[in-house]
Amino acid sequence: MATRIGVYPGTFDPITLGHADIIRRGAKLVDKLIIGVTTNMSKNPMFTPDERMDMVRREVDAMGIANVEVVGFNALLMKFAEKQGANVIVRGLRAVADFEYEYQMAGMNQQINAGIETVFLMADVSLQPIASKLVKEIALFGGEINKFVSPTVRDDVMARISKTGTLGDY
């Protein structure tokens, strides 16, 4: 039987408890799960690609999952997946709006390489509202984010905000 290699791509800016849930569950579906940390400048990143990769590695190490590797990339997802020898793309879904976008992307990716399947995992119900963008916004306006990220990621976010400053006049 062929080795099943999955790629879970994302910006992970920052990595949330929702991401961790998908990593934990996705790693059970494949022999090797590659977390592809990508750059998406339109998402206004708080952390550099290297900082995000370090953060993801630290979180994966804390979960104790042996079959996960963290790799940075700045390319078309399917080209990255091919280079990694992947036969599965793992995507997390939080809501119907996510599905509509991901469904379209899966269709386009299938046109590029029909040999790589996309697998959707629903986020745990308690984690479905969590989005990195919202975590950053809450933190930037002085809110508490400990329900959405690990304590070490919370510390990373707060350290960054202490350098850049908060927003608003709370």
Apply salt bridge (Lys or Arg N to Asp or Glu O under 4.0 Å) to residues Arg160 and Asp156 and explain how you reach the verdict. CA-CA 6 Å; Arg160 181 56 45 92; Asp156 292 338; over 6 Å; no
Please lay out, stage by stage, how Thr152 and Glu59 fare under the test side chain to side chain donor-acceptor pair (under 3.5 Å). CA-CA 8 Å; Thr152 53; Glu59 295 299 302; 2.8 Å; yes
Derivation of the salt bridge (Lys or Arg N to Asp or Glu O under 4.0 Å) call for Asp61 and Arg58: CA-CA 5 Å; Asp61 288 347; Arg58 185 186 64 220; over 6 Å; no
Could you check Asp124 against Arg94 for salt bridge (Lys or Arg N to Asp or Glu O under 4.0 Å), going step by step and ending with a plain yes or no? CA-CA 8 Å; Asp124 181 273; Arg94 293 176 305 220; over 6 Å; no
Side chain to side chain donor-acceptor pair (under 3.5 Å) between Glu82 and Asn113, worked out: CA-CA 9 Å; Glu82 289 167 3; Asn113 186 334; 3.0 Å; yes
From CA spacing to verdict: side-chain contact (heavy atoms from CB on, under 4.5 Å), Val7, Val88: CA-CA 6 Å; Val7 169; Val88 175; over 6 Å; no
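Between Phe12 and Tyr8, the angle of the ring planes goes over 60°, which puts this pair in the perpendicular group of the 30/60° scheme. Ring-plane geometry between Phe73 and Phe80 is classed as parallel, the angle between the planes falling under 30 degrees on a 0 to 90 degree scale with a further cut at 60.
Heavy atoms only, all atoms of each residue included: Ala81 and Ile89 are closest at CB-CD1, 3.7 Å.
Distance alone, capped at 3.5 Å, is enough to place a donor-acceptor pair between the Arg25 side chain and the Met122 backbone.
Counting non-hydrogen atoms of other residues, nucleotides and ligands closer than 6.0 Å to CD of Glu69 gives a total above 12.
One finds the CD atom of Gln110 at 9.0 Å from the CE atom of Met78 (value rounded to the nearest 0.5 Å).
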